[in-house]
Amino acid sequence: MRPVIGVLALQGAIEEHLAMTKLAFKDMGIDGEIIQVKKSSDVGRINGLIIPGGESTTIGRAASMSQLLQLIKQRISEGMPVLGTCAGLILLAKSVYDRVLGKTEQPIIGLMDVVVERNAFGRQRDSFEADLDIPIIGDKKFKGVFIRAPAIREIGPNVEVLCKLGGVIVAVMQDNIIGTSFHPELTNDSRIHQLLIKKVRLL
Ligand code: GLN
């Protein structure tokens, strides 16, 4: 099977994920296809999905108006692998809150058994990079880029912690769902994208 990875292309770091997925295929020596997911008919073509960072309220609203959110939710619940980064993680979480407003009433997919806090590391000007230990992708540190990043505050029994930073959970996996607080598409290291592609190839 020639894997087809889709990048949800409504708002956010779309180009960067397209480029990083291309690099991941190259690094793995796999001939894969990458498409932008913008409309319902695109969802039927993909074997795996990336939900990018950006603004989770904007992405969620746009996706729910076009029925994309429901379709994507259906595919993920049937086992399609998905990687959500930053805002993408927020959209996958079952519960989302914000320190100022409390529980946010934004449209989400809500399939991952985690509670996330939006903007937990501060505002845009508090963006930072950190060398992360993520054993599942190997011993070499991974450069984590955090931009108005969410923190994972609670996890359910089926959720595996992939990475912590200073005691805060910043990457998780639950069966076919991977979520990161940081932006793996803003590095030149394709290992997180490879993790998604590996799941697709196991299907
Ligand atoms: N703070 C943003 C949100 O809540 C996420 C930031 C990002 O994706 N870089 O949607």
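Atoms within each ligand, like the ligands themselves, are counted from 1 in listed order. Because the structure is a prediction, the values reported are computed rather than measured.
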Amino acids contacting ligand 1, non-hydrogen cut-off under 4.0 Å: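 Only G53, G54, E55, S56, C86, A87, I90, R118, N119, I147, R148, H183 have heavy atoms that fall under 4.0 Å of ligand 1, ordered by chain and number.
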
Residues which pass side-chain contact (heavy atoms from CB on, under 4.5 Å) with M65, listed by chain and number, not counting sequence neighbours: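 Checked M65 against side-chain contact (heavy atoms from CB on, under 4.5 Å); zero matches.
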
Test side-chain contact (heavy atoms from CB on, under 4.5 Å) applied to Q11 - qualifying residues, sequence neighbours left out: E55, T58, I59

Residues forming a salt bridge (charged side-chain N to carboxylate O under 4.0 Å, His left out) with K26, sequence neighbours excluded: none

R153, CZ: over 12 other non-hydrogen atoms inside 6.0 angstrom: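 Counting other residues, nucleotides and ligands, CZ of R153 exceeds 12 neighbours.
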
Crowding at CD, E16 (>12 non-hydrogen neighbours, <6.0 Å):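 Yes, CD of E16 has more than 12 neighbouring heavy atoms, counting only those of other groups under 6.0 Å.
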
Plane angle bin for F128 and F146 - parallel if under 30°, tilted between 30 and 60°, otherwise perpendicular: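 The rings of F146 and F128 lie parallel, inter-plane angle below 30°.
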
